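Here the structure comes first, spelled out in structure tokens, and everything after it is commentary.
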Amino acid sequence: MDLVVPAGHRLAAQSRVALGELAGEAFVDFPSGYGNRAVTDRAFAAAGLPRHVAIEITAIGTGADFVRHGLGIALLPRGSTGSDDGLVALPVTGADLDWPISLATPGNRTLSAAARAFERLVDQHLRARLEVVSGGSRGSASLGSG
């Protein structure tokens with residue numbers, strides 16, 4: 001996940017931000033129990049840093065809107081915000097903010113045409129993301145049934 005701040009935020013001009021630089025900021029985040037919230041809570045706890053969640057949301061787009069209007073900062077999935085929407089996304093150093101996402105398919109029956117199309121779409125997206133992140137030097141992602 002990346003840090004998302006409004007374009008005028010004190011950290012917006014940086015190319016990356018250390019987790020420790022986020023202490024004292026108001027966060028927009030998901031409620032306790034959500035997977036991405038757990039990743040963020042663990043990262044701050046592991047670093048011994050306090051964190052104040054000012055607003056809880058249940059949709060990534062809503063979180064981006066709150067950040068855009070200066071109501072807090074957020075850690076959101078990489079690529080979940082547009083490049084020209086008043087937001088700046090920054091990688092965070094010094095923390096494990098990987099949020100694994102899985103796609104499960106039944107191994108005992110044939111997928112519908114819609115499910116196969118969705119599986120291909122996810123696979124294409126992962127391949128494209130790996131190309132961007134690795135500069136094309138890593139192997140490709142693959143999703144299989146089962």
Side-chain angles (χ1 to χ4, degrees), residues 1-106 111 114-146:
M1 293 189 292
D2 284 335
L3 175 68
V4 178
V5 299
H9 191 274
R10 67 178 178 87
L11 298 172
Q14 295 184 201
S15 61
R16 63 188 65 247
V17 62
L19 189 68
E21 293 179 81
L22 306 180
E25 293 280 349
F27 276 83
V28 175
D29 205 344
F30 289 76
S32 294
Y34 278 64
N36 50 346
R37 170 74 180 258
V39 168
T40 303
D41 287 347
R42 275 194 303 267
F44 275 80
L49 296 171
R51 188 167 77 103
H52 171 64
V53 176
I55 300 171
E56 289 186 339
I57 47 98
T58 58
I60 291 169
T62 303
D65 285 339
F66 281 118
V67 171
R68 185 177 297 107
H69 294 294
L71 299 173
I73 63 173
L75 289 162
L76 298 174
R78 181 166 288 149
S80 64
T81 61
S83 61
D84 190 23
D85 58 4
L87 299 174
V88 176
L90 303 163
V92 178
T93 61
D96 178 8
L97 292 171
D98 287 337
W99 179 31
I101 298 175
S102 302
L103 175 64
T105 58
L111 294 178
R116 286 192 312 273
F118 181 68
E119 186 178 46
R120 281 192 304 274
L121 181 67
V122 170
D123 191 45
Q124 289 169 358
H125 176 76
L126 290 175
R127 288 175 193 269
R129 294 304 305 158
L130 281 175
E131 288 292 321
V132 169
V133 170
S134 66
S137 63
R138 288 177 63 187
S140 63
S142 178
L143 295 174
S145 297

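Excluded from the calculations below are hydrogen atoms, water molecules and symmetry mates; all remaining heavy atoms, backbone and side chain alike, are included. Note that the coordinates shown come from a computational prediction; the quantities given were computed from them, not determined experimentally.
- Although no hydrogens or angles enter the test, the distance criterion places a donor-acceptor pair under 3.5 Å between the side chain of Arg116 and the main chain of Leu111.
- Put simply, CG on Asp65 and CG on Leu87 are 8.5 Å apart, with the number rounded to the nearest 0.5 Å.
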Run the numbers on Asp123 and Arg120 for salt bridge (charged side-chain N to carboxylate O under 4.0 Å, His left out), then give the verdict.
-> CA-CA 5 Å; Asp123 191 45; Arg120 281 192 304 274; over 6 Å; no
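- For Gly72 against Pro6, the heavy-atom pair with the smallest separation is O-CD, 4.4 Å.
- Considering every non-hydrogen atom in both Val4 and Val67, the closest pair reads O-CG1, 3.5 Å.
- Taking 4.5 Å as the limit, some side-chain heavy atom of Phe27 sits within range of a side-chain heavy atom of Leu75.
- Side-chain atoms of Leu22 and Phe44, non-hydrogen and from C-beta on, do get closer than 4.5 Å to each other.
- Residue Ala7 comes nearest to Val88 through the heavy atom pair CA-CG2, 3.9 Å, listed as atom of the first residue, atom of the second, then distance.
- In terms of modelled atom types and a separation under 3.5 Å, the side chain of His9 and the main chain of Leu11 share a donor-acceptor contact.
- A distance of 4.5 Å separates CG of Asp29 from CZ of Arg51, quoted to the nearest 0.5 Å.
- Between Asp2 and Pro91, the shortest heavy-atom distance links the atoms OD1-CA, 3.5 Å.
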Quiz: residues 56-63 side-chain donor-acceptor pairs under 3.5 angstrom, not counting sequence neighbours:
{"from": "Glu56", "atom 1": "OE2", "to": "Arg37", "atom 2": "NH1", "distance (Å)": "3.1"}

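- For the atom pair CD of Gln14 and CG of Leu90, the computed distance is 7.0 Å after rounding to the nearest 0.5 Å.
- A heavy-atom distance below 4.5 Å is not found between the side chains of Glu25 and Val5.
- The main-chain N or O of Ala18 is found under 3.5 Å from a side-chain atom of Glu21 such that the two form a donor-acceptor pair.
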